[in-house]
Amino acid sequence: QVQLVESGGGLVQPGGSLSVSCATSRSIFRAHVMGWYRQAPGKQRELVASITRGGSTNYAESVKGRFTISRDNTKNVVFLQMNNLKPEDTAVYYCKAGIQASVTDYIKDYWGQGAQVSVSS
């Protein structure tokens, strides 16, 4: 089965930068829409950013101008660069992707294991 493996995140002071990345655990046929969600303690999971195969992006209003999502279709990797981080960005960040494992498979949604992003002085 396909898994999404996340890396990155960490602890940074306000105004600092962090990044997270997410890749499929093995070769797959095609990744469709890929994106990042986050969930802070006691809050619902929310969409942070998403990106289509063609590069069309969508951002939550709270991160516009600070975060940048990108992807590599040949490597099936999605990346999130986070700049000018604020304490309210503190959350576990999860990647999500619609994966077509093979040419004969249907598209299924997969989630990464989560990466901690902490912003504190």
*Asks:* Side chains of V119 and K86, heavy atoms from C-beta outward: is any pair under 4.5 Å?
*Replies:* no
*Asks:* Nearest 0.5 Å please: distance from the CD1 atom of I51 over to the CD1 atom of I69.
*Replies:* 5.5 Å
*Asks:* Closest approach of G114 and V92, non-hydrogen atoms and distance?
*Replies:* CA-CG1, 3.8 Å
*Asks:* Hey, could you give me the CG/CG distance between L18 and D89, rounded to the nearest 0.5 Å?
*Replies:*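 Answer for the CG-CG pair, L18 versus D89, is 9.5 Å.
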*Asks:* Working to the nearest 0.5 angstrom, can you tell me the gap between D109 CG and H32 NE2?
*Replies:* 10.5 Å
*Asks:* Return the minimal non-hydrogen interatomic distance between E6 and Y94, and the atom names on each side.
*Replies:* OE2-CA, 3.3 Å
*Asks:* Is there side-chain contact between I28 and Q100, with at least one heavy-atom pair below 4.5 Å?
*Replies:*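 No, their side chains stay 4.5 Å or more apart.
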*Asks:* Does M82 reach the side chain of V48, with side-chain heavy atoms less than 4.5 Å apart?
*Replies:*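 M82 vs V48: side chains apart.
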*Asks:* Got a second to check how far K96's NZ is from C22's SG, nearest 0.5 Å?
*Replies:* 12.5 Å
*Asks:* Could you pull out all residues at least two apart from S70 that satisfy side chain to side chain donor-acceptor pair (under 3.5 Å)?
*Replies:* none
*Asks:* Would one find more than 12 heavy atoms of other residues, nucleotides or ligands at under 6.0 Å from atom CD of Q3?
*Replies:* no
*Asks:* Considering only heavy atoms from C-beta outward, does the side chain of M34 approach that of C95 to under 4.5 Å?
*Replies:* no
*Asks:* Taking all non-hydrogen atoms of both residues into account, name the closest pair between N73 and R71 and its distance.
*Replies:*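 Smallest interatomic distance, heavy atoms only, reads OD1-NE, 2.7 Å.
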*Asks:* Is there a side-chain contact (heavy atoms from CB on, under 4.5 Å) between L80 and T68 once you walk through the steps?
*Replies:* CA-CA 6 Å; L80 185 69; T68 302; over 6 Å; no
*Asks:* Do V63 and R38 come close enough that some side-chain heavy atom pair is under 4.5 Å?
*Replies:*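 Touching, per the 4.5 Å side-chain cut-off.
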*Asks:* Does a donor on one side chain and an acceptor on the other come within less than 3.5 Å for Y110 and Q1?
*Replies:* yes
*Asks:* Determine whether L47 and N58 satisfy the following criterion, side-chain contact (heavy atoms from CB on, under 4.5 Å), listing intermediate values before the conclusion.
*Replies:* CA-CA 9 Å; L47 176 67; N58 184 48; 3.9 Å; yes
*Asks:* Could you state whether V117 and V12 fall into the same hydrophobic cluster, counting links through intermediate Ile, Leu, Val, Met, Phe, Trp or Tyr residues with side-chain heavy atoms under 4.5 angstrom apart?
*Replies:* yes
*Asks:* Any link between V78 and Y37 through a network of hydrophobic side chains (Ile, Leu, Val, Met, Phe, Trp, Tyr) touching at under 4.5 Å?
*Replies:* no
*Asks:* Determine the minimum heavy-atom distance between F67 and Y59, stating which atoms define it.
*Replies:*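 The pair with the smallest heavy-atom distance is O-CE2, 3.3 Å.
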*Asks:* For residues S21 and F79, report the shortest heavy-atom separation together with the two atoms involved.
*Replies:* CB-CD1, 4.1 Å
*Asks:* Between V20 and G9, which heavy-atom pair has the shortest distance, and what is it?
*Replies:*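 Looks like CG1-N, 3.5 Å.
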*Asks:* Would you say that Q116 contacts T90 through its side chain, given a criterion of any heavy-atom pair below 4.5 Å between the two side chains?
*Replies:* yes
*Asks:* Give, for atom CG of L85 and atom OG of S118, the distance between the pair rounded to the nearest 0.5 Å.
*Replies:* 10.5 Å
